[in-house]
Amino acid sequence: MTSIRDLLSSSPDGRTLTVKGWIRTKREAKNAVFLELNDGSCMANLQCVLDAASGLSETLRAELVRCGTGASAAVTGTLVASPAAGQAVELKVSGLEVIGEAPAESYPLQKKNHSLEFLREIAHLRARTNTFGAVARMRNQMAYAIHSFFQERGFQWVHTPVITASDCEGAGAMFQVTTLDLDALARAGKPVDYAKDFFDKKAYLTVSGQLNVETYCMALSRVYTFGPTFRAENSNTTRHLAEFWMIEPELAFAELEDNIALAEDFLKHLFAWALDKCAEDLAFFDKRIQSGIVDTLSSVVKSKFARMTYTEAVKELEKHASEFEFKPYWGCDLQSEHEKYLTEKVVGGPVAVTDYPKEIKAFYMRLNPDGKTVRAMDVLVPRLGEIIGGSEREYRHDVLLARIRELGLPEEAYSWYLDLRRFGTAPHCGFGLGFERLLMYVTGMQNIRDVIPFPRAVHQADF
RNA sequence: UCCCCUGUAGCUCAGUUGGCAGAGCAAGUGGCUGUUAACCACUGGGUCCGUGGUUCAAAUCCGCGCGGGGGAGCCA
């Protein structure tokens with residue numbers, strides 16, 4: 001079956017074909033009826049024209065009545081050049097079969113604009129709108145681009161576990177996984193004994209695959225994860241989900257500068273891919289969702305990412321302290337307003353900020369010789385701020401162990417992670433990117449719940 | 001978790017000092033020279049989120065509950 005996307009770019013050679021999809025609108029004039037058919041292969045509809053000048057057949061008229069917005073239909077006709085502006089080709093209809101009706105009095109979608117809030121309540125139908133169709137196509141293309149980027153560079157995709165009984169992930173509140181009948185235990189007044197649970201101990205959904213993927217990095221050299229992660233944080237914002245997808249590359253025998261270079265190539269690859277493969281959808285986002293999005297992406301693709309240490313960044317910010325709600329000082333965690341200022345005002349383009357104070361970064365980051373900072377990096381981009389966070393990892397066993405003890409972390413839980421430093425250790429680094437945050441950036445969508453098909457958040461797990 | 005805003009027709013919203021429930025779009029019907037968010041005319045359409053209170057009278061004021069949105073913190 002030929003997709004509408006292919007048909008719209010093919011020549012109007014008069015061949016007869018049947019096209020299936022969903023009716024977006026029906027317009028009836030005296031001498032012609034116009035149906036807009038969409039199959040999700042692209043944003044544009046196929047215009048199907050019924051010649052009514054000499055009267056329509058009983059059969060066609062009966063089908064037309066059932067052919068409202070939202071109905072699925074098989075339309076047969078010949079592909080011809082369109083005499084009117086607006087589309088190059090159209091289907092001259094000879095046969096019409098409604099497959100499934102969508103009664104106007106009960107079908108929630110109308111041929112008018114709906115609010116994103118309303119569409120969130122009908123997440124099972126919202127993919128039929130222009131906006132969510134475009135988001136879905138972009139999400140697909142970005143997933144493809146992520147794999148193509150890494151595969152072309154010899155990175156191997158590692159499937160880190162979704163369920164983990166490891167209590168050393170430490171990236172946020174976790175969802176517990178159990179097969180114990182907690183209701184029955186509570187009714188019987190019995191204590192919960194996790195030694196009797198499925199894994200003989202407490203288990204959770206993963207919050208990050210990074211520590212796991214590091215083990216494969218120390219064998220396969222260049223690896224990445226791309227899969228769902230889960231955070232049980234009670235955060236209700238436009239930027240957080242309880243279930244989201246994350247990309248985490250890790251490369252061996254590499255240092256922070258290699259990491260920054262990889263991140264720069266990565267983002268440029270993704271944005272160039274979006275501009276190339278999703279031009280029609282991006283034009284829509286630019287017009288209806290976020291004006292200037294195409295220019296923003298293009299400028300990042302053409303840019304050279306700047307480098308700046310945290311210490312330099314704070315010095316710059318201190319010069320303009322009066323412009324911030326939170327006054328910057330050495331040792332503070334950079335606020336969103338600081339990050340945006342650095343990339344938009346100080347640099348005027350993407351910038352990688354490195355060497356943060358160890359107190360505000362994770363235990364596994366490589367300690368610098370100054371003993372105060374670690375080899376961390378955040379990539380900041382205009383209009384958003386931080387898009388990527390990563391670091392060179394601490395690969396020296398004694399230093400990592402000391403750091404774990406200094407922070408009072410459970411040493412035994414990290415035994416396997418420390419083993420990577422006991423046996424054949426090597427400098428390595430990596431970064432993490434939230435897939436939905438990336439999608440917000442490339443689509444201009446303002447709420448993270450609108451770039452994933454079925455958002456899971458606090459008090460929200462419908463559909 | 002904290003702070004702010006909000007809930008009225010299928011959708012988006014207006015509703016003045018408390019005094020008969022409104023508009024646009026959508027839908028239905030009719031019209032219209034091939035339209036493209038078609039256009040024009042007419043018609044139908046309401047548990048004013050729920051609950052309790054104040055009042056002669058509540059969409060409007062007050063309490064509680066529920067839903068939605070935004071911001072902060074946390075972070076990806």
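Every chain is numbered from 1 and lettered A, B, ... according to where its sequence line falls, protein lines coming before strand lines. Quick note: numbers below take in every heavy atom, side chains included, and nothing from hydrogens, waters or symmetry partners.
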Contact class for [X] vs. all strands (heavy atom < 4.0 Å): base, sugar-phosphate, or nothing?
X        : value
A:Ala104 : sugar-phosphate
A:Glu386 : nothing
A:Ser106 : nothing
A:Leu241 : base

What distance, rounded to whole Å, do you find between the two [atom1] atoms, one in [N] and one in [M]?
N     : M     : atom1 : answer
B:U8  : B:A58 : C1'   : 14 Å
B:G22 : B:G46 : P     : 13 Å
B:A14 : B:C48 : C1'   : 13 Å
B:U16 : B:C62 : P     : 14 Å
B:A27 : B:G70 : P     : 29 Å
B:C64 : B:A72 : C1'   : 27 Å
B:C49 : B:U60 : P     : 8 Å
B:U43 : B:G24 : P     : 12 Å

Evaluate the ring planes of [X] and [Y], with Trp represented by its six-membered ring, and classify them as parallel (under 30°), tilted (30 to 60°) or perpendicular (over 60°).
X        : Y        : result
A:Tyr414 : A:Tyr417 : perpendicular
A:Tyr341 : A:His320 : tilted
A:Tyr224 : A:Trp157 : parallel

Q) How many angstroms lie between CD1 in A:Ile146 and CD in A:Gln141, if you round to the nearest 0.5 Å? A)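 Here the interatomic distance stands at 11.5 Å.
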(Q) Once rounded to the nearest 0.5 Å, what's the spacing between atom CG of A:Leu400 and atom CG of A:Leu367? (A)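 These two atoms lie 10.5 Å from each other.
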Using a cutoff of under 3.5 Å, can you pull out all pairs of nitrogen or oxygen atoms linking the protein to nucleotides 6-10 of chain B, with atom names and distances?
| residue | atom | partner | partner atom | Å |
| --- | --- | --- | --- | --- |
| B:G10 | N2 | A:Gln110 | OE1 | 2.9 |
| B:G10 | N2 | A:Gln110 | NE2 | 3.4 |
| B:G10 | N3 | A:Gln110 | NE2 | 2.8 |

Nearest whole Å is fine: how far is [N] [atom2] from [X] [atom1]?
X        : N     : atom1 : atom2 : result
A:Leu334 : B:C75 : CG    : P     : 13 Å
A:Arg27  : B:C40 : CZ    : C1'   : 17 Å
A:Ile448 : B:C75 : CD1   : C1'   : 10 Å
A:Lys111 : B:C39 : NZ    : C1'   : 11 Å
A:Leu119 : B:U12 : CG    : C1'   : 12 Å
A:Lys26  : B:A37 : NZ    : P     : 18 Å
A:Met440 : B:C75 : CE    : C1'   : 13 Å

(Q) With a 3.5 Å limit on both atom pairs, tell me what B:A27 is paired to, counting Watson-Crick and G-U wobble, or say none. (A)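 Across any shown strand, B:A27 pairs with B:U43.
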Q. Can you list the steps and then say if A:Asn368 with A:Asp355 is a side-chain hydrogen bond (donor to acceptor under 3.5 Å, both in side chains)?
A. CA-CA 8 Å; A:Asn368 276 314; A:Asp355 301 289; 2.7 Å; yes
Quick check against the 3.5 Å criterion: does [X] have a side-chain atom that pairs as donor or acceptor with the backbone of [Y]?
X        : Y        : value
A:Glu233 : A:Ala173 : yes
A:Thr343 : A:Gly385 : no
A:Lys327 : A:Ala321 : yes

Q. In terms of side-chain geometry, is the basic nitrogen of A:Arg5 or A:Asp39 positioned less than 4.0 Å from the acidic oxygen of its partner?
A.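 Here A:Arg5 does not pair with A:Asp39 in a salt bridge, since their nearest N and O are not under 4.0 Å apart.
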Q. Which pairs pass side chain to side chain donor-acceptor pair (under 3.5 Å) with one or both residues in residues 64-73 of chain A, sequence neighbours excluded?
A.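 Every pair satisfying side chain to side chain donor-acceptor pair (under 3.5 Å) with a residue in residues 64-73 of chain A: A:Glu63-A:Arg66, A:Arg66-A:Glu101.
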Tabulate atom names and distances for all N/O pairs under 3.5 angstrom spanning the protein and nucleotides 68-73 of chain B.
| residue | atom | partner | partner atom | Å |
| --- | --- | --- | --- | --- |
| B:G69 | OP1 | A:Arg120 | NH1 | 2.8 |
| B:G70 | OP1 | A:Asn447 | ND2 | 3.1 |
| B:G70 | OP2 | A:Asn447 | ND2 | 3.4 |
| B:G71 | OP2 | A:Thr238 | OG1 | 3.3 |
| B:G73 | OP1 | A:Gln335 | OE1 | 2.8 |
| B:G73 | N2 | A:Asn234 | O | 3.3 |

Q. Donor-acceptor pair under 3.5 Å: do we get one between A:Gln47's side chain and the base of B:U35?
A.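 Flag set: donor-acceptor pair detected.
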